[in-house]
Amino acid sequence: MSNKADKLVLIDGNSIVFRAFFALPPLTNSSGLQTNAIFGFTTMLLKVLEEEQPTHVLVAFDAGKVTFRHEGYADYKGGREKTPPELKEQFPVLKELLKAFSIEQFELAGYEADDIIGTLSLQAEAQGRDVVVVSGDKDLLQLASDRVTVLLTRKGVTEVERYSPTAIGERYGLTPTQIIDLKGLMGDTSDNIPGIPGVGEKTALKLLHEYGTVENVLSHVGEIKGKLGEKIVEHSDSARMSKQLATIFREVPLAHTVDDVTYKGYDSATLGTALRKLEFKSLVERLDLGGAEVTDAEDVEQAAAFEVVRVDVEGWSGLNDALPRAESIYVEAVGENPHQSEGVGVAVVAGDQVYTLPYALLKSDDAKPFIAWLGNPEAPKTGYDFHRTKLVLAWSGIAFEGQAFDAQMAAYVLDPTDTDLSLNGLLVKMGLSSISSDESVFGKGAKFQVPDANKLAEHIAAKADAIRRLKPSQSEKLEELGMHHLFYELEQPLSIVLAGMEKQGVSVQASALQDLGSQFERRIEEMMTTIHRLAGFEFNIGSPKQLGEVLFEKLGLPVIKKTKTGYSTDAEVLEKLEPYHEIVRQILQYRQLTKLQSTYIEGLLKEIRPESGKIHTYYRQTIAATGRLSSQYPNLQNIPIRMEEGRQIRKAFVPSEPGWRILAADYSQIELRVLAHISGDDGLKEAFVKGLDVHTKTAMDVFRVTADQVDSNMRRQAKAVNFGIVYGISDYGLSQNLNITRREAAEFIEQYFQAFPGVKRYMETVVEQARQDGYVTTLQGRRRYLAEIKASNFNLRSFAERTAMNTPIQGTAADIIKLAMLRMNEAIRDRGLKSRMLLQVHDELVFEVPEEELAVMEKLVPDVMASALQLDVPLVADVSVGANWYEAK
DNA sequence: CTCGTCACG
DNA sequence: ACGTACGTGACGAGG
């Protein structure tokens, strides 16, 4: 028997299902059954099957409510919120699906999935077989051995982290069995295992690194001083019991053995039917289970609902005649950066026909009627990613107007946290029949290739048809959720404004960057020599691994913080190490300069177009969950400003016309003003109405002093408190930021809330509202769903709560500047100004302005920004002008 | 291709 | 008791 080649995969069913349920949006199928946990579990399962190629597979479930653990400790898993019905209903369906996979599933009254997995893995490794355990629960790490590897899910369910005993040693400095001791000391809230109060992971690890086991900690408790020692003595029984509870029982009286869980693969027809029933069309597609049989009559109809007419084969007349009846359009282009993408094809849907043409055909004379239609603002278009489309066409010299409905933008507005806005992804989420993924048609990475004309025509036709099919439910949903205005009046028009700014570009002087770069270069080389001399040998300073070895092993500096893979050497750590060794300061400076050199000097130089001297960034409008923009290729929203050396980079950003100037205008304290408005707090509102310095005002109230008693340190701390409030305050976060104790931070927050009770009320209300509705909104009706607001996991829930507090603030600020951009665009156009809007940096707009328009613009820009949205407090924008972006400060 | 790091609001 | 500030994108290192 060849046990050596055997590989068992043992899956902790409950743990994965729970994870998937909270990690995924609440997808439902057309009959209303929520299927997100099943979907998440299945994607995880497919990934593991593919990557591990197991010979045996088992999914273990917890059975019933009471286990043997309750015999010794009645409160085991007490205080847990009961399983939500939307989750509960998914278990039986999942179990059916596993049958279709031909995968065994075990559960046994009185035992948990952990115990079943522990028992089987013990058997298997004794027989010399390899085992992979899959769970979301760290406890399972105790099973790791030479033969047993544990995969823990990280974010979501398909990302896993692989733990061998060595990996556990590196991560925690513990052996697998010590994981039990870890939990014995720190406990586990979700299982209601108490541990020792006041001992968290940090303290527990320290104790275990010193003493090895719970028992040994308890017998050496005399050596442990202070409160910690007292706590351990007081709760020693609890620690012993907790350790017992955390120990996986590996002798479950199972009726089956390893040989009963062999996995020989699934039957395609059976699995295909099961997945179709669940409407997991993307999975059917991915596994290529579609061919066998199409059970859903509707699918047949939809799939055959159009005829592809190739303009390159049939000629233009059909398309030209159909244009007045066009229902949707899709322009395919390859390349991530739309300023450098190559158009490959166009598809237009009209009735039962989809007309397709190779992009190159747009250059022919026969294309004129079609080009005119593309540029006709009176010909409304429904499409997908108009922003990209407009740019691609614009670089071909083709105007694109009449953008009526953008399915990608609609999907973003409907759920800004959705990271898969691919057409196929949207179809699946909407429960519509799916199309081929781009990856399956084009391949990816090095294998990326545009397919032959026929295949391409089929694919882009399917995409254009998909857009048509998506639109009705999307537009209905937009109305239903009151998002008509946000979508039609704000986001869609803005995409046009953005495309204009990007196409315009901003002039950047290569020579200025190069001069700065050679200065940096000299200093980098000097510093490198110094650092190598101080270390005593040459090494790669840019390698965190090598740097860690030098600092902490060769030079013996104290380890402040560790990362998953080794010593942390980030700026926060280095700042703490500065007093110990001269080398540290040099490293900090070296880091700063190499960052400037690689990201900003070299990075920006690469992006300057030699023919125009301009940089064209690409603002992404469908990425940020709060409604902000982001910027790529290159990112022009993180050009240095805080440090003088980096700030010099801004001198290279200049007007594109001789004699013009750069004008920059930024909102003053926009987030705090938004907070004042939505919280209605009288004190905060008054501060802004009176035009006070809000950080000084905060310092006065928090420290209970008069204005002239506020020193710079108090103001600095008050400013940090204000930031904290906007981020969704926590004492821990504030304490980290200010380098103070948590107690002190908590005191600041307490004082703040006393001074600004309206803000406190807002924070409580918004979290409560999120719990009730499952989402929060901005002033313009932008909505963000917070699935994890009810999670039992403290971390997930706390994160959701902070998000609930922060998103309406950050998101409303984003709404406001977007409105201002629309208004500025109109103002420039209506007044016939030559000035151009170039950049947006979250609370700042940058323009290039001819001399003769300076006076107008210096008044117009801040006026428009201030009046973009009427709040209960004034909005203020500060404006400044210079020869370059550096001087416009 | 992921991780650590660091630039911005 | 738990343990993180909110939102992004780009780079070099190292598998």
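Letters go in sequence order (proteins before strands), and every chain restarts at 1.
Of the side-chain N and O atoms in A/Ser568, one or more sit less than 4.0 angstrom from OP1 or OP2 of B/dT5. Contact between the side-chain N/O atoms of A/Arg802 and the OP1/OP2 oxygens of C/dC6 is found at a separation under 4.0 Å. Residue A/Thr599 places none of its side-chain N or O atoms closer than 4.0 Å to OP1 or OP2 of B/dA7. At C/dG14, one or more side-chain N or O atoms of A/Gln546 fall inside 4.0 Å of OP1 or OP2 (strictly under the cut-off). At C/dC6, none of the side-chain N or O atoms of A/Thr803 fall inside 4.0 Å of OP1 or OP2 (strictly under the cut-off). Within the 4.0 Å cut-off from OP1 or OP2 of B/dG9, at least one side-chain nitrogen or oxygen of A/Arg642 is found. Dashed line: the shortest gap from a side-chain N or O of A/Arg797 to OP1 or OP2 of C/dT4 is not under 4.0 Å. Remark: A/Arg591 is in phosphate contact with B/dC6, judged by side-chain N or O atoms under 4.0 Å from OP1 or OP2. Taking only side-chain nitrogens and oxygens, A/Asn540 comes nearer than 4.0 Å to OP1 or OP2 of C/dA13.
B/dT5 is paired with C/dA10 under the Watson-Crick or G-U wobble criterion, all donor-acceptor distances under 3.5 Å. The pairing partner recorded for C/dA1 is none, the criterion being a Watson-Crick or G-U wobble arrangement whose two distances lie under 3.5 angstrom.
In this pair, A/Phe552 and A/Tyr567 present their aromatic rings tilted. The plane angle is within the 30 to 60° band. Ring-plane geometry between A/Tyr618 and A/His339 is classed as perpendicular, the angle between the planes exceeding 60 degrees on a 0 to 90 degree scale with a lower cut at 30.
Within 6.0 Å of atom NZ in A/Lys760, 12 or fewer heavy atoms from other residues, nucleotides or ligands are found, so the atom counts as exposed in its surroundings.
Partner A/Gln621 forms a side-chain hydrogen bond (donor to acceptor under 3.5 Å, both in side chains) with one of A/Arg628, A/Glu491, A/Lys818 and no other, that one being A/Glu491.
Contact annotation for A/Thr594: no contact, since no heavy-atom pair falls under 4.0 Å across all strands. Heavy atoms of A/Tyr619 sit nowhere under 4.0 angstrom from any nucleic acid atom. Among the heavy atoms of the strands lying under 4.0 Å from A/Gln810 is at least one base atom, whether or not backbone atoms are also near. At the heavy-atom level, A/Ala571 lies under 4.0 Å from the strands shown only through sugar-phosphate atoms. Among the atoms of the strands shown, only primed sugar atoms or phosphate atoms (P, OP1, OP2) are found under 4.0 Å from some heavy atom of A/Ile639. Across all strands shown, A/Val841 has heavy atoms under 4.0 Å from sugar-phosphate atoms exclusively, and none from any base. As judged by a 4.0 angstrom heavy-atom cut-off over every strand, A/Leu734 is placed among the base-contacting residues. Contact annotation for A/Asn806: backbone-only contact, meaning every heavy-atom pair under 4.0 Å involves sugar-phosphate atoms and none involves a base.
Of the candidates C/dA5, C/dG3, C/dG9, C/dG3 carries the atom nearest the A/Phe794 side chain, counting heavy atoms from C-beta on. When the nucleotides C/dA5, C/dA13, B/dC8 are ranked by their closest atom to the side chain of A/Pro640, B/dC8 comes out on top. The side chain of A/Thr569 lies closest to B/dT5, out of B/dT5, C/dT8, C/dA13. Between C/dG9, B/dA7, C/dG7, one nucleotide has an atom nearer to the side chain of A/Ser630 than all others, and that is C/dG9.
Separating the CD1 atom of A/Ile649 from the C1' atom of B/dC6 is a distance of 14 Å, rounded to the nearest angstrom. A straight line from NZ of A/Lys562 to P of B/dT5 spans 13 Å, rounded to a whole angstrom. Straight-line distance from the CZ atom of A/Arg650 to the P atom of B/dG9: 6 Å, rounded to whole Å. The distance between atom CG of A/Asp570 and atom P of B/dC3, rounded to the nearest whole Å, is 16 Å. As rounded to whole Å, 18 Å separates atom P of C/dA1 from atom NZ of A/Lys183. Atom C1' of nucleotide C/dC11 and atom CD1 of A/Ile601 are separated by 14 Å, given to the nearest angstrom. C/dC11 atom P lies 21 Å from atom CD1 of A/Ile541, rounded to whole Å. Rounded to whole Å, the distance from CD on A/Glu788 to C1' on C/dG3 is 16 Å.
For a distance-only test at 3.5 Å, the side chain of A/Ser798 fails to qualify as a donor-acceptor partner of the base of C/dT4. For A/Arg742 against C/dG3, a side-chain-to-base donor-acceptor contact under 3.5 Å is present.
There is no side-chain donor-acceptor pair under 3.5 Å between A/Glu502 and A/Tyr619.
On the P atoms, B/dC8 is 31 Å away from C/dG3, given to the nearest whole Å.
Shown here for A/Pro862 and A/Ala877, the closest heavy-atom pair between the two residues is CB-O, 3.6 Å.
In this pair, A/Tyr732 lays its aromatic ring flat on the base of C/dT4, centres within 5.5 Å and planes under 30 degrees apart.
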Item to complete: Report the C-alpha distance between A/Phe537 and A/His532 in whole Å, list the side-chain angles of each, state the deciding distance to 0.1 Å, and finish with yes or no for ring-ring contact (aromatic ring centres under 6.0 Å, His included).
Response: CA-CA 5 Å; A/Phe537 56 94; A/His532 289 158; 8.2 Å; no

